[in-house]
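Quick note: residue numbers are just sequence positions, from 1.
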Amino acid sequence: MGDSARAGRGSGLATFFAVTFITTWGCWLVAIVLGQPPTTFPTVIPFLLGGFGPVFGAIAVRLRRGPVPVHTVRFRLNARLFWALPLLALAVATVAGGAALAQALGGPALSLDAGTALIATAGGAAPFFVSMLVGGPLAEEPGWRGTAYPRLLERTGRVRVGLVLGAAWAVWHLPLFFMTGTVQAGFGLLSWSGLLFSLSVFPMAMLTGYAYELGGVPSAIAVHFGVNATAAVLNAYSPVTQTVALAVQLLVAVAAISSRRPVRT
């Protein structure tokens with residue numbers, strides 16, 4: 001067994017990725033077989049459980065009681081928590097700014113009509129935003145950023161960590177393209193929108209990683225939530241809008257990472 005394999009096992013990364021993918025893909029396969037939208041019973045149960053795969057992976061790593069990585073940002077009630085608000089604003093701005101720039105370049109006009117209808121379907125603003133918070137940010141960030149990120153950061157730089165987690169994140173989402181009623185299924189796997197969605201997780205992985213280093217898991221949740229909720233409210237899913245927003249987020253992510261001191265591995 002090579003040194004990298006032993007290091008991966010010792011750090012808990014192998015455990016994290018194995019548990020995350022097995023639980024998520026297993027649950028989502030059940031949801032796919034049921035063939036109903038994820039908001040309907042009983043499909044909603046395996047759909048929600050699958051979304052928490054990264055949390056199950058994080059719990060499995062914690063149960064191993066291995067050494068805490070040097071770059072772990074512990075959750076504490078201190079000034080770090082205040083980073084969540086400006087980072088939330090930054091995340092919203094990357095999507096809204098990208099959508100506005102796409103409109104200026106001849107893309108779809110900005111409109112809240114689809115977002116308003118989506119909020120009404122969810123039962124109002126509160127249920128909508130709670131569902132956007134739970135379904136994604138809360139279900140994923142304790143795993144991807146709170147567990148995998150600091151362990152990967154021990155052996156390589158921030159950009160490479162973003163690329164590794166971005167690739168894992170993109171593959172992790174694949175079953176959603178085959179699940180009736182999801183945004184990804186609406187895109188289609190072999191479409192420009194599907195490809196752009198898969199590519200968009202790379203700058204997202206970098207931005208949420210940057211947020212994690214500043215303010216821990218709450219800040220990573222804030223960025224994840226800001227991007228997802230803004231894209232849904234603005235219906236920023238056309239290929240032109242996705243492309244411009246992806247470019248904006250990539251530029252912001254690279255600039256943000258470049259502003260940090262080089263990490264010591």
Side-chain angles (χ1 to χ4, degrees), residues 1-32 46-75 135-179 184 197-213 216-221 223-224 253 257 260 262-265:
M1 184 182 296
D3 291 340
S4 61
R6 284 194 295 269
R9 185 178 65 180
S11 68
L13 281 169
T15 299
F16 170 76
F17 284 116
V19 173
T20 295
F21 275 86
I22 289 172
T23 54
T24 294
W25 282 17
C27 289
W28 284 354
L29 177 60
V30 172
I32 291 169
F47 173 71
L48 288 177
L49 286 175
F52 278 86
V55 168
F56 295 139
I59 292 172
V61 172
R62 298 301 191 280
L63 291 176
R64 294 175 70 254
R65 296 186 180 277
V68 177
V70 174
H71 303 291
T72 296
V73 180
R74 296 180 181 273
F75 177 78
L138 278 176
E140 299 177 33
E141 291 309 322
W144 296 123
R145 253 55 63 179
T147 303
Y149 186 85
R151 287 165 172 78
L152 287 168
L153 203 59
E154 286 191 327
R155 61 193 64 189
T156 189
R158 295 182 177 94
V159 173
R160 288 185 180 180
V161 173
L163 293 176
V164 170
L165 284 182
W169 213 2
V171 174
W172 180 81
H173 278 97
L174 285 179
L176 295 179
F177 285 95
F178 305 96
M179 191 183 302
Q184 292 80 5
F197 170 83
S198 296
L199 291 176
S200 70
V201 301
F202 287 90
M204 269 284 286
M206 295 179 189
L207 277 175
T208 47
Y210 170 77
Y212 172 77
E213 287 195 57
V217 171
S219 289
I221 289 173
V223 169
H224 194 157
I257 290 175
R260 302 283 292 168
V263 64
R264 294 182 179 181
T265 58

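In this structure, CG in L163 is found 9.0 Å from CZ in R160, a value given to the nearest 0.5 Å. Here CZ of R64 is found 15.0 Å from CD1 of I59. Values are rounded to the nearest 0.5 Å. Taking SG of C27 as the reference point, atom CG of L48 lies at 10.0 Å (rounded to 0.5 Å). We find the OG1-CG distance between T24 and L176 to be 9.0 Å, quoted to the nearest 0.5 Å. Separation of atoms CZ (F52) and OG1 (T23) is listed at 11.5 Å; rounding is to 0.5 Å.
What you find for T147 and P142 is that their closest heavy atoms are OG1-O, 3.0 Å. In this structure, P203 and A253 approach most closely via the heavy-atom pair O-CB, 3.9 Å. Between P54 and T20, the shortest heavy-atom distance links the atoms CA-OG1, 3.6 Å. In terms of heavy-atom proximity, G146 sits nearest to P150 at O-CG, 3.8 Å. The shortest non-hydrogen separation linking F202 to A167 is CE2-N, 3.4 Å. Residues A60 and V19 share a closest heavy-atom pair of CB-CG2, 3.8 Å.
Using modelled atom types, one side-chain atom of S200 and one backbone atom of F197 make a donor-acceptor pair closer than 3.5 Å. The main-chain N or O of V70 is found under 3.5 Å from a side-chain atom of E154 such that the two form a donor-acceptor pair. The backbone N or O of I257 lies less than 3.5 Å from no partner atom in the side chain of R158, so there is not a single donor-acceptor pair. In this structure, the side chain of T15 does not engage the main chain of G57 through any donor-acceptor pair within 3.5 Å.
For the pair V161/H71, no side-chain contact is recorded, criterion being any heavy-atom separation below 4.5 Å from C-beta on. Residues L153 and P69 form no side-chain contact, since every pair of their non-hydrogen atoms from C-beta on lies 4.5 Å or further apart. Contact of the W172 side chain with the E140 side chain is registered, since non-hydrogen atoms from C-beta on lie closer than 4.5 Å. You'll find the side chain of M206 stays beyond 4.5 Å of the side chain of L165, heavy atoms only.
In this pair, W169 and W144 present their aromatic rings tilted. The plane angle is within the 30 to 60° band.
Here F21 and W28 keep their ring centres 6.0 angstrom or further from each other.
A side-chain N or O of R145 and one of T208 form a donor-acceptor pair less than 3.5 Å apart. Looking at E141 and Y212, their side chains never bring a donor and an acceptor atom within 3.5 Å of each other.
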| field | Stepwise side chain to side chain contact (heavy atoms under 4.5 Å, CB included) check, L138 with I221 | value | CA-CA 6 Å; L138 278 176; I221 289 173; 3.6 Å; yes
| request: List the steps and the verdict of side chain to side chain contact (heavy atoms under 4.5 Å, CB included) for M204 and H224. | output: CA-CA 8 Å; M204 269 284 286; H224 194 157; 3.9 Å; yes
| task | Quick one: do Y149 and V73 satisfy side chain to side chain contact (heavy atoms under 4.5 Å, CB included)? Show the steps, please. | result | CA-CA 10 Å; Y149 186 85; V73 180; over 6 Å; no
